[in-house]
Amino acid sequence: MELAPIVVEIPHRHGKAEAARRIKAAIDDARTRQAAKFKVAEESWDGDRLTFRIALLGQPCTGTIDVGEDKARAEVKLSWYASHLTKPAEAYIQQEGARILSGP
């Protein structure tokens, strides 16, 4: 049984290039600041699409982020074992995405 992905859209006013730069910087920051909880196994950019595979608290997680001119769309798949965290993960992605893409 495949779990439905978490889908979050975050509006922004930065254009694609600046939004992508902010997302890349946030991932680099998380690698160092959250190293005990967050491990990036794969990170691949193809144009304006990031495809990733991470371990979050030891649990595998995959997804994509599509960066548009005025919004970013994240689609994240949690492991079956972590599926009980779907709602908190959705809220966290929305909150962090808004923090990363807000402001001047």
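- Taking Arg99 as the reference, Glu96 meet the salt bridge (Lys or Arg N to Asp or Glu O under 4.0 Å) condition, with sequence neighbours excluded.
- The nearest pair of heavy atoms linking Cys61 to Val76 is SG-CG1, 3.2 Å.
- Checked against side-chain hydrogen bond (donor to acceptor under 3.5 Å, both in side chains), Gln94 has no partners two or more places apart in sequence or in another chain.
- A distance of 10.5 Å separates CD1 of Ile93 from CD of Glu75, quoted to the nearest 0.5 Å.
- By the criterion of side-chain heavy atoms lying less than 4.5 angstrom apart, applied directly or through intervening Ile, Leu, Val, Met, Phe, Trp or Tyr residues, Val7 is not grouped with Ile100; the two fall into different hydrophobic clusters.
- Taken to the nearest 0.5 Å, the CG atom of Asp70 stands 11.5 Å off from the CG atom of Leu101.
- Remark: Arg31 pairs with Ile27, Asp28, Val40, Glu43 by the side chain to side chain contact (heavy atoms under 4.5 Å, CB included) rule, at least two apart or across chains.
- For the pair Gln59 and Ser79, the tightest heavy-atom approach, listed with the atom from each and the gap, is OE1-OG, 3.2 Å.
- The environment of Lys37 atom NZ is sparse: at most 12 non-hydrogen atoms of other residues, nucleotides or ligands sit within 6.0 angstrom.
- With rounding to the nearest 0.5 Å, the separation of NZ in Lys39 from CD in Gln34 is 10.5 Å.
- Between Trp45 and Val67 the shortest side-chain heavy-atom distance falls below 4.5 Å.
- Using cut-offs of 30° and 60° on the angle between ring planes, the pair His12 and His14 is parallel.
- In this structure, the side chains of Ser83 and Leu78 stay at 4.5 Å or more apart for every pair of heavy atoms.
- The distance from atom OG1 of Thr64 to atom CZ of Arg73, rounded to the nearest 0.5 Å, is 6.5 Å.
- Note that CZ of Arg49 and CD1 of Ile65 are 10.5 Å apart. Values are rounded to the nearest 0.5 Å.
- In terms of heavy atoms, Pro5 sits closest to Lys77 at CB-CG, 3.8 Å.
- Note that CZ of Arg22 and CG of Asp29 are 13.5 Å apart. Values are rounded to the nearest 0.5 Å.
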